[in-house]
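Input: a single structure, listed below in structure tokens.
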There are 2 protein chains.
Amino acid sequence: MVVPIYTQIVETIRKKIDSGELKPGDAIDSENTLCKEFGVSRMTVRKGLAILAQEGYIYSIPGKGNFVKKPDLTKYTLYYDEMTNSINIVDKTRLLEVNIIMPDEKLADDLQISRRKNVISIKRLFYTDGDPVAFDIKYLLYYRGMPIVEKEIKEATFSEMIAKTTAAFAIKKELMIYAEVPSEEIKYYLNIYNELPVLVVEQKLLSKENKPMGLGITYYRGDYIKLYGTSQ
Amino acid sequence: MVVPIYTQIVETIRKKIDSGELKPGDAIDSENTLCKEFGVSRMTVRKGLAILAQEGYIYSIPGKGNFVKKPDLTKYTLYYDEMTNSINIVDKTRLLEVNIIMPDEKLADDLQISRRKNVISIKRLFYTDGDPVAFDIKYLLYYRGMPIVEKEIKEATFSEMIAKTTAAFAIKKELMIYAEVPSEEIKYYLNIYNELPVLVVEQKLLSKENKPMGLGITYYRGDYIKLYGTSQ
DNA sequence: CAGTGGTCTAGACCACAGC
DNA sequence: CTGTGGTCTAGACCACTGC
């Protein structure tokens, strides 16, 4: 039992799809037919088909059959963390300020709260090899008794901050990426003297019920960051 | 059988994880225990656990048990297509030039080919509401008899170009995202007269065997694009 | 109606962990 | 050795599809 039977089923069918022998929309042999072809029980066939479905190769319509799926060519997976990216790692942070503020209109809207609610704002600078590479602002909903301890805030990523008060699983996140001309404040902190853009990454953290819990905006020197993604 | 039993198993365990009752590293009840708890057969329990594993909640170690996984807080899913993004849709394209060229060193390296191989380069402009919003270059490996028909090239996305010669499933893709000061050529084409950065998205298409098949670089006006991603 | 996929059972043997 | 998860079987009933 070195290689499971369902693996052979998966590879046989996948090969037909990759080679173009089976095209999107084409029907796969029915499960009972595959049972006979491979001489196995139906649960084994279904295990193989489940894997192909998970990989995005096929889908099934009850009562009709299994069909080759049109691949989603626009889907990418991207790994992002404010402190770590492919061309540099943040090795030092500097806490600029921590404030409890009333949100302006845009922020109140983003966090879906009243403008009279308190919000914690945390401004930090990220360094790599002694150079400032990113300016970072986080806005967190303020809860009474929330620990605002410098040590905890200074080196934490956004997820880590929220995870202090919430189970990490109960979190959804959204990213927004764009390029911008830096403001004077950011130019000052990032030692930008000439025409150099910043790459801005906004992270929004939401509860499973889609209630916003925090907003983070990180401004990277354009020459210090590249984000990578891959299909599948 | 409106709601399958395994769904109840999934939800029961997921609730324990979301609420923090079960923490990363904790063991789930063994499959046989769960069989007794829910009064079902082992295959049904395993079906439920398989779903939780697929969702990233748990993992299993043969001979030991099932355990709660530490969630991957850095993983995002991003949908990207040169022509379509959340704040604008390309409604017109202009083919600037199509050439067969010898690659320079960087390109030869990116495509993993000799500098004496032929490469097709395609330069295009993307428009939204009459305004140029992106400058786009594609480099494709040249195969004898490759159809270089203006009509086919003009409006195709990168994936569509490659799909002409390869089964779409047999493709892997890589993305690279960064911000840049536009070159004079790009400023000219994108009507940029002041200090405005471009967001650059490089797409590399690879065969399943990791052989590069093409490279696409799209330069977007910074004020005309935002990329969005979500966890899970 | 026959055929399809979706769910579920009650067994079985295996390889592996840990004692 | 016992207990664990991984694989597999040979049935079963269901809801749905299409004729």
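Numbered from 1 within each chain, the chains take letters A, B, ... in sequence-line order.
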A:I9 CD1 to D:dT7 P: how many Å, rounded? 12 Å
Whole angstroms only, please: what is the CD-C1' distance between A:E31 and D:dG11? 15 Å
For D:dA10, does either OP1 or OP2 sit under 4.0 Å from a side-chain N or O belonging to A:S41? no
By nearest atom, which of the nucleotides D:dG5, D:dT9, C:dG5 is closest to the A:T44 side chain? D:dT9
A:F158 six-ring face occupied by A:K138 cation (under 6.0 Å, within 45°): yes
I want to check something: taking the side chain as every heavy atom from C-beta on, are A:F135 and A:L125 in contact at a cut-off of under 4.5 Å? yes
For B:D129, does the CG atom sit with more than 12 other heavy atoms under 6.0 Å from it, leaving out its own atoms? no
Hey, is B:D136 close enough to B:K123 for a salt bridge, meaning N to O under 4.0 Å? no
If you assign each of B:I28 and A:V40 to its closest nucleotide in DNA chain D, which residue comes earlier from the 5' end? B:I28
For DNA chain D, list all stems, counting runs of three or more consecutive pairs where every pair is Watson-Crick or G-U wobble with both distances under 3.5 Å. C:1-16 with D:3-18
Counting just side-chain N and O atoms, does B:R46 come under 4.0 Å of either OP1 or OP2 of D:dG6? yes
Residues touching DNA chain C, which here means a heavy atom under 4.0 Å, drawn from residues 53-66 of chain B: B:P62, B:G63, B:K64
Euclidean distance, atom NZ of residue B:K47 to atom P of D:dC8 [Å, nearest integer]: 17 Å
Mind checking whether A:I28 and A:I13 have side chains closer than 4.5 Å, heavy atoms only? yes
Protein-nucleotide distance (A:I5, atom CD1; D:dA10, atom P), rounded to Å: 11 Å
For B:Y6 and C:dT9, what is the distance between atoms OH and P respectively, to the nearest whole Å? 13 Å
Here the distance between atom C1' of D:dT4 and atom NZ of B:K36, to the nearest Å, is 12 Å
Under 6.0 Å from the six-membered ring centre of B:Y59 and within 45° of its axis: does the NZ or CZ of B:K69 meet both? no
So does A:S30 get a side-chain nitrogen or oxygen closer than 4.0 Å to the phosphate oxygens (OP1/OP2) of C:dT4? yes
Any non-hydrogen side-chain atom of A:Y80 less than 4.5 Å from a side-chain atom of A:L175? yes
Rounded to whole Å, how long is the line connecting atom CG of B:D29 with atom C1' of D:dG5? 14 Å
Between atom CE in A:M43 and atom P in C:dT7, what is the gap in whole Å? 10 Å
Is there a salt bridge (Lys or Arg N to Asp or Glu O under 4.0 Å) between A:E202 and B:K226 once you walk through the steps? CA-CA 10 Å; A:E202 286 190 25; B:K226 286 186 178 175; 5.5 Å; no
On the ring face of B:Y79, is A:K75 found with NZ or CZ under 6.0 Å from the centre and within 45° of the axis? no
